[in-house]
Amino acid sequence: MSLPAIATVIGSGTMGPGIAATLARAGTQVRVYDISDEALARAEKSTAFAASVLDQIGGDSAPGGSVSFSSDIAVALDGTEFVIEAVPEKLELKKSVLAQIEGLVGADVIIATNTSGIPITTMGEALGTPGRFIGMHWSNPPHLIPMIEVIPGEATDAAVTDRLVEIVKAFGYHPVIENEIAGFVENRVLYAILRECVALVQEGIVTQEALDTCVKWGIGYKLAVVGPMRLLDMAGLDIYQSVSSYLNKELDASTETPSVITESIAAGRLGFKSGGGMYDYAEGDVDAKRADIVAGLVAVRKALSATTPV
Ligand SMILES: NC(=O)C1=CN([C@@H]2O[C@H](COP(=O)(O)OP(=O)(O)OC[C@H]3O[C@@H](n4cnc5c(N)ncnc54)[C@H](O)[C@@H]3O)[C@@H](O)[C@H]2O)C=CC1
Ligand SMILES: Cc1ncc(C(=O)O)c(C(=O)O)c1O
């Protein structure tokens, strides 16, 4: 199982730095490109931080890995073997960036996208050679969540899917191969949970603190150890039938973003990035909460590594 010697990450916002640090630790020379010099400067710091978190997890660090940063896309793509696009989730922007990448790389270079759920076949229409194009959906924070959804589009060559699975395994992550569907699998499940959670808080059934306690210690902790399909076996399929027969029709089925979210956004409250969102954060609280989350994810990942994968 071999990794590409040289890989390029296009877009260095929330996701790019952790992706770069993960590949570099496995021995790849990673080039990071962004249209914004400011983003590149921030990315240098967050890549170094991600690398320090990977040190805390431990495990092998292969020789030869490195991360370099460039504001020249031709430099970042020169000689690359594998490209991961991680620019904002806007179809037309992604299409134009993909076309730009295709014009600068060799014919055998795989181009992957970290889209959260835009259909791969639709994005691939931007390319003259869509056979080389594939979905590679990392989960945030990408240097800590060791699972990647691999989503071939209708035009993706089977050999490209096979190669991506090999690459993901080579840096020690779990590849999950899926058929194409909007949102892919992870975000369909996550957004089903989030829709119900937000509705329960918005309707005043539960406070957000109590909801977070319930999901973290009740569902989250359990599902980290037992996947949902295994949980059905653990609970009993007859129980699922009994409960789902009266509960499923009661669950939130709204198709619009709930007003508690849209009103917060209108008030400039976006979450950690704006210093307030669902919760309020005083000076220093965001950094403390981020550190707490990283420490928790590192500890849980170490513990889960000792359990069976499924
Ligand atoms: N934030 C998250 O939790 C996750 C995001 N994703 C997906 O990953 C992709 C990137 O997301 P984020 O890192 O959150 O976005 P972001 O907005 O934090 O970063 C995107 C970066 O792309 C740069 N950029 C914009 N136009 C560009 C261009 N033409 N060429 C090169 N760089 C350009 C921006 O300057 C910015 O630094 C999106 O498709 C998103 O849906 C996937 C998994 C999780
Ligand atoms: C709330 C939310 N939305 C999208 C994503 C994604 O995968 O794109 C994530 C994530 O954690 O990765 C997320 O938390």
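Residue numbers start at 1 and run along the sequence shown. Numbering of ligands and ligand atoms starts at 1, following listing order. These values consider heavy atoms only, across backbone and side chains, with no hydrogens, waters or symmetry-generated copies.
Heavy atoms only, all atoms of each residue included: Ile118 and Phe184 are closest at O-CZ, 3.5 Å. Nearest heavy atoms, Val176 versus Met147: CG2-SD, 3.7 Å. Among all heavy-atom pairs drawn from Ala21 and Ala50, the shortest one is CB-CB, 3.7 Å.
Taking the charged nitrogens against the carboxylate oxygens, Lys169 and Glu166 have no contact shorter than 4.0 Å, which rules out a salt bridge. Residues Asp292 and Lys289 are paired through a salt bridge, judged by an N-O separation under 4.0 Å between the basic side chain and the carboxylate.
For ligand 1 and Gly11, the ligand atoms under 4.0 Å from any heavy atom of the residue are 22 (O), 32 (N). Under a 4.0 Å criterion applied to the non-hydrogen atoms of Thr115, ligand 1 contributes the atoms 39 (O). Each of the following atoms of ligand 1 lies closer than 4.0 Å to a heavy atom of Ala39: 37 (O). Near Val97, with a cut-off below 4.0 Å to any heavy atom, the atoms of ligand 1 are 28 (C), 29 (N). Here is the list of ligand 1 atoms found below 4.0 Å of a heavy atom in Lys94: 38 (C), 39 (O). Residue Tyr33 approaches ligand 1 through these ligand atoms, each under 4.0 Å from one of its heavy atoms: 30 (N), 31 (C).
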For ligand 2, what N or O to protein N or O distances fall under 3.5 Å?
from     : atom 1 : to     : atom 2 : distance (Å)
ligand 2 : 3 (N)  : Tyr191 : OH     : 2.6
ligand 2 : 7 (O)  : His137 : NE2    : 2.8
ligand 2 : 7 (O)  : Asn187 : OD1    : 3.4
ligand 2 : 7 (O)  : Asn187 : ND2    : 3.3
ligand 2 : 8 (O)  : Ser116 : OG     : 2.5
ligand 2 : 8 (O)  : His137 : NE2    : 3.4
ligand 2 : 8 (O)  : Asn187 : ND2    : 3.3
ligand 2 : 12 (O) : Asn140 : N      : 3.1

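Considering backbone and side-chain atoms together, Ser36 places no N or O closer than 3.5 Å to any N or O of ligand 1. Taking distance alone, with nitrogen or oxygen atoms compared against 3.5 Å, Leu93 stays at or beyond that limit from ligand 1. The shortest N or O to N or O distance between Trp138 and ligand 1 is not under 3.5 Å.
With a 4.0 Å cut-off on non-hydrogen atoms, Ser116 touches ligand 1 through its backbone as well as its side chain. Of the heavy atoms in Ser139, none comes closer than 4.0 Å to ligand 1. At a 4.0 Å heavy-atom cut-off, ligand 1 touches Thr14 through backbone and side chain alike. Heavy atoms of His137 found under 4.0 angstrom from ligand 1 belong exclusively to the side chain.
Of all protein heavy atoms, the one lying nearest to atom 5 (C) of ligand 1 is Met15 CG, 3.5 Å. What sits closest to atom 39 (O) of ligand 1 on the protein, heavy atoms only, is Glu89 OE1, 2.5 Å.
Within the 4.5 Å cutoff, side-chain heavy atoms of Asp55 are placed close to those of Arg25. For the pair Glu180 and Pro152, the minimum side-chain heavy-atom distance is 4.5 Å or more.
By heavy-atom distance, the residue among Asp34, Asn140, Ile10 lying nearest atom 23 (C) of ligand 1 is Asp34. Of the candidates Ile19, Ile35, Ile118, the one placing a heavy atom closest to atom 26 (N) of ligand 1 is Ile35.
Contacts of Ser264 classified as side-chain hydrogen bond (donor to acceptor under 3.5 Å, both in side chains), with partners at least two apart in sequence or in another chain: none.
Val215 and Trp217 are assigned to two separate hydrophobic clusters, defined by single-linkage of ILVMFWY side chains at heavy-atom distances under 4.5 Å.
Taking the six-membered ring for Trp and thresholds of 30 and 60 degrees, Phe171 and Trp138 have nearly parallel ring planes, at less than 30 degrees apart.
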